[in-house]
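All chains are named by letter (A, B, ...) in the order of the sequence lines, taking the proteins before the strands, and each is independently numbered beginning at 1.
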Number of protein chains: 2
Amino acid sequence: MAREQQPKFRRAPPTVRREALIEATLACLRKYGHDGLSVRRIGAEAGVSAGLITHHFPSVSALIAASYETLSLSLLQSIDRQARESGTTARERLRRFYEAWFAPALLDPGIFNAWLVFWSMISHDAAMRAVHDRTYAAYRAALESLLRQLHRSEGVPRFRLRPAAIALSALLDGLWIEASINPRTFKAAEAVALCEDWTSALCAGAFPGLLLAPRPATRRRRPRQPRESPVIPA
Amino acid sequence: MAREQQPKFRRAPPTVRREALIEATLACLRKYGHDGLSVRRIGAEAGVSAGLITHHFPSVSALIAASYETLSLSLLQSIDRQARESGTTARERLRRFYEAWFAPALLDPGIFNAWLVFWSMISHDAAMRAVHDRTYAAYRAALESLLRQLHRSEGVPRFRLRPAAIALSALLDGLWIEASINPRTFKAAEAVALCEDWTSALCAGAFPGLLLAPRPATRRRRPRQPRESPVIPA
DNA sequence: CACACTGCTATACGGTTGTAAAATAGCAGC
DNA sequence: GCTGCTATTTTACAACCGTATAGCAGTGTG
């Protein structure tokens, strides 16, 4: 009987629907790369018609930018949460950050594929650029916070925070890319070990360009510390 | 007079035409990112009709793979040539490699944009995967050759070549990405300095995970050296 | 149960896409 | 100058693209 047929579709509140469309977008990126980003493909993945997308988002590129932000923030929150757990020393928290960074969920090639497509859009799309700037600033802040805590640890020589964060961030990104493009090159544990080595070298004062002059040992009041120079000496 | 009009097109030998189409493909990638990769766009950039592309290449994706290989090899040859010039010590050659890596030509955002698009295709296209494997192997071989020369230098502690090459490659890639996505974060000279710092730490034996046991000092014949372990200890 | 709200689909539009193949035209060689 | 080779253009095809909008249908409320 017609009255007893399943409904053709199920209505959902707009926020629920937008999240579902974002999930479908990320799933299409994983599966098909850049070719996954069409309203018909995303609609099919979400089980809705293509028209719903431009109903809920100003444009497809707005949906893509929202997806980038969702993925970035969820990964950063996951990593940050793991770094905060239970570790007592700054060194231990940094190590947990590395483990979270190279967790299986983050080394999923699908995540990396999605990231590549997002990155490739940054230079041509203002909304993507804005999302990148926000989420990257948050990521750098988290990393610098961990390095600042390390900086304050006993026995650690004083170092320049900003270039240290740059170098560590580069090492993390580079290893992540290597692990994603060439999964057989090394295991996640090897990547964590390489980063731990970097921390060991930093704590041993082995990066001449990152070192700051040590504090004088006296208890006399010292003048205001000079600001850290933004230029790394040659 | 009709007879005196310019010819409608100029014929070219197939190899010349293929190179021109590859150059046009790279130019379109620089300008438009992934959207640049259509036969009509590439044809317009090269000043020919779209049909010529599928005449000279089995498919558009074959042209894209050929473009990736051309770009990879030309950049690697340029870097390798600069690293070989005039530097006498292994340390100096490595430093020149860094300078070549962060040369303005390589930090061109257009190069990076092209690279991102190529990378995003590796996991979905067998021809792209094959090009990547070949050119990446060549790049790693060049890097390991430089590290091997450093390894033999006087005063340098023995280290594991392969994980050292992995870590250095990751740092280079990461800094290159950072410099390309966020050009204001640091200057090329700062990136070179960070890499030089990494070399200093390696030469100082500051990476515990990379160190090998030192050679015995006696002149007795030693048994064959054990093979370097592929697994980095935790 | 009827109705109103609004989430959602179906349809349409103008445009782009990659590939194939027939036809054209440049030009080297005789 | 003519001819044949082949580089290249032109045309066509089926499919996809993003967006807009009229109208449908789910469903909560009175």
**Q** Could you write nucleotides 25-30 of chain D as a row of B, S and -, 5' to 3', where a protein heavy atom under 4.0 Å of any base atom gives B, of only sugar-phosphate atoms gives S, and otherwise -?
**A** SBS---

**Q** Closer than 4.0 angstrom, basic N to acidic O: yes or no for B/D80 and B/R84?
**A**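 A salt bridge is present here (some side-chain N lies under 4.0 Å from a carboxylate O).
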
**Q** Please list all pairs meeting salt bridge (Lys or Arg N to Asp or Glu O under 4.0 Å) that have one or both residues in residues 50-60 of chain B, counting only residues at least two apart or in different chains.
**A**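 Residue pairs passing salt bridge (Lys or Arg N to Asp or Glu O under 4.0 Å), neighbours aside: none found.
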
**Q** Salt bridge between B/R95 and B/E92, side-chain N to carboxylate O under 4.0 Å?
**A**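 B/E92 and B/R95: salt-bridged.
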
**Q** What integer distance in Å separates A/I42:CD1 from D/dT19:P?
**A**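 Taking CD1 of A/I42 and P of D/dT19, I get 11 Å after rounding.
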
**Q** Got a sec? Which of residues 15-31 of chain B come in under 4.0 Å of DNA chain C, heavy atoms?
**A**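 When residues 15-31 of chain B is checked for heavy atoms under 4.0 Å from DNA chain C, there are no hits whatsoever.
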
**Q** According to ring pair (Phe, Tyr, Trp, His ring centres under 6.0 Å), who are the partners of B/H34, at least two apart in sequence or on a separate chain?
**A**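 A/H34.
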
**Q** Under the rule for side chain to side chain donor-acceptor pair (under 3.5 Å), what residues qualify as partners of B/T54, not counting sequence neighbours?
**A**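 Residues passing side chain to side chain donor-acceptor pair (under 3.5 Å) with B/T54: none at all.
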
**Q** Report the residues that fulfil ring pair (Phe, Tyr, Trp, His ring centres under 6.0 Å) with B/F118, sequence neighbours left out, ordered by chain and then residue number.
**A**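 Partners of B/F118 under the ring pair (Phe, Tyr, Trp, His ring centres under 6.0 Å) test: B/Y68.
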
**Q** Excluding sequence neighbours, so at least two apart, what forms side chain to side chain donor-acceptor pair (under 3.5 Å) with B/S74?
**A**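 Result, side chain to side chain donor-acceptor pair (under 3.5 Å) vs B/S74: none returned.
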
**Q** Sequence neighbours left out, cut at 3.5 Å: what donor-acceptor pairs do the side chains of residues 41-52 of chain B make with other protein atoms?
**A**
unit_1, atom_1, unit_2, atom_2, d
B/R41, NH1, B/D35, O, 3.3
B/E45, OE1, B/K31, NZ, 2.9

**Q** Once side-chain contact (heavy atoms from CB on, under 4.5 Å) is applied, do any residues pair with A/R30, and if so which ones, sequence neighbours excluded?
**A**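 A/L26, A/D108, A/I111.
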
**Q** First locate atom CD1 of A/I64, then atom CD1 of A/I22, and finally report the distance between them rounded to the nearest 0.5 Å.
**A**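 Here the interatomic distance stands at 11.5 Å.
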
**Q** Taking ring pair (Phe, Tyr, Trp, His ring centres under 6.0 Å) as the test, write out the residues that go with A/Y136, two or more places apart.
**A**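 By the ring pair (Phe, Tyr, Trp, His ring centres under 6.0 Å) rule, A/Y136 matches A/H132, A/Y139.
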
**Q** Are B/R134 and B/E69 within salt-bridge range, i.e. N to O under 4.0 Å?
**A**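 Yes, B/R134 and B/E69 are salt-bridged.
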
**Q** Without decimals, in angstroms, what is the distance between B/H56 NE2 and D/dA7 C1'?
**A**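 Value for this atom pair: 6 Å.
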
**Q** Starting at the 5' end of DNA chain D and moving along, which residue's nearest nucleotide shows up first, A/P58 or B/V48?
**A**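 By nearest-heavy-atom nucleotide position, the 5'-most residue is B/V48.
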
**Q** To the nearest angstrom, how far is B/L52 atom CG from D/dT9 atom C1'?
**A**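 In whole Å, D/dT9 C1' and B/L52 CG are 9 Å from each other.
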
**Q** Check B/L175 against B/A191 and note the closest heavy-atom contact, atom names and distance.
**A**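 The pair with the smallest heavy-atom distance is CD1-O, 3.9 Å.
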
**Q** If you walk 5' to 3' along DNA chain C, what is the first nucleotide with an atom under 4.0 Å of a heavy atom in chain B, and what is the last?
**A**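 Contact span on the strand: C/dT17 to C/dC27.
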
**Q** By the 4.0 Å heavy-atom rule, please label A/A50 as base, sugar-phosphate, or nothing.
**A**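 Here A/A50 touches no strand at all.
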
**Q** What are the atom names and distances for every N/O pair under 3.5 Å that joins the protein to nucleotides 14-18 of chain D?
**A**
unit_1, atom_1, unit_2, atom_2, d
D/dC17, OP1, A/S38, OG, 3.0
D/dG18, OP1, A/L37, O, 3.2
D/dG18, OP2, A/V39, N, 2.9
D/dG18, N7, A/R40, NH1, 2.8
D/dG18, O6, A/R40, NH2, 2.9

